Amino acid sequence: MDIEKIVRELIDRSYHMSLATARDNKPWVCELHFAYDEDLNFYFRSLSFRRHCKELTDNSNVAGSIVKQHTLEDPVIGVFFEGTAKLLTLGEEQNKAFECIKKRLKTSDDVLDEAKNPDGHQFYKIMVSKFYIFGAFEGKDSQKYELDWKNG
């Protein structure tokens with residue numbers, strides 16, 4: 001089974017993820033819209049004073065899920081991941097995040113200018129170290145599959 005292909009197909013169908021962060025052994029989950037690049041790095045924009053942004057500054061380890069919305073009768077299908085996240089500063093990496101977000105989320109050009117203001121929405125990058133998929137694939141019952149992933 002081609003787990004990477006399934007991951008790519010599933011994340012391409014959604015703009016929404018749940019992101020988990022932690023500080024002082026206390027977990028937190030937030031919901032956000034995301035974009036991604038060809039290496040499956042995720043990008044999002046958020047305000048630096050939000051809890052998840054403060055926490056990932058102190059502890060870059062994150063986990064998340066991208067789950068297809070379903071009814072009780074539908075099978076659950078989802079992508080789960082773990083990795084690290086960071087705030088992007090002005091420059092090449094932030095420009096790449098902007099291009100990915102602009103294309104996928106249809107944002108305007110002024111979001112890049114907004115990031116120049118410390119109180120404005122900033123760009124963040126999630127670098128995945130492991131993907132998991134859960135669901136019924138290839139005619140089998142629902143199972144979890146793992147894919148080690150190295151990117152930057």
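These figures come from a predicted structure and were not determined experimentally.
Judged purely by distance below 3.5 Å, without hydrogens or angles, the side chains of His121 and Ser46 never pair a donor atom with an acceptor atom.
Contact annotation: the side chain of Tyr43 approaches that of Lys96 to within less than 4.5 Å [non-hydrogen atoms, C-beta and beyond]. Looking at heavy atoms from C-beta onward, Gln94 lies out of side-chain contact with Thr89 at the 4.5 angstrom threshold. Two residues are said to be in side-chain contact when any heavy atoms from C-beta on lie closer than 4.5 Å; Trp28 and His52 meet this criterion. Here the side chains of Ile77 and Leu10 are in contact, with some heavy-atom distance below 4.5 Å.
A cation-pi arrangement is not found for Arg45 relative to Phe98, the charged atom failing to lie both closer than 6.0 Å to the ring centre and inside a 45° cone about the ring normal. Figure legend: Arg104 and Tyr36 shown without cation-pi pairing, the cationic atom not lying both under 6.0 angstrom from the six-membered ring centre and within 45 degrees of its axis.
Panel note: side chain Asp37, backbone Asp39; a donor-acceptor pair is recorded below 3.5 Å. Remark: the backbone N or O of Leu88 is not paired with any side-chain donor or acceptor of Glu93 at under 3.5 angstrom.
Salt bridge absent: Glu99 and Lys103 never bring a charged side-chain N and a carboxylate O closer than 4.0 Å.
Heavy-atom neighbours of Asp12 CG from other residues, nucleotides or ligands within 6.0 Å: above the threshold of 12.
To the nearest 0.5 Å, atom CD of residue Glu4 and atom CD1 of residue Ile133 are 11.5 Å apart.
Each of Val128, Ile11, Leu147 was scored for a side chain to side chain contact (heavy atoms under 4.5 Å, CB included) with Phe81, with one residue passing: Val128.
The two residues Asp119 and Leu47 have their closest heavy-atom pair at O-CD2, 3.5 Å. Between Tyr124 and Ser48, the shortest heavy-atom contact is OH-CA, 3.5 Å.
Side-chain rings of Phe42 and Phe34 approach one another, their centers coming within less than 6.0 Å.
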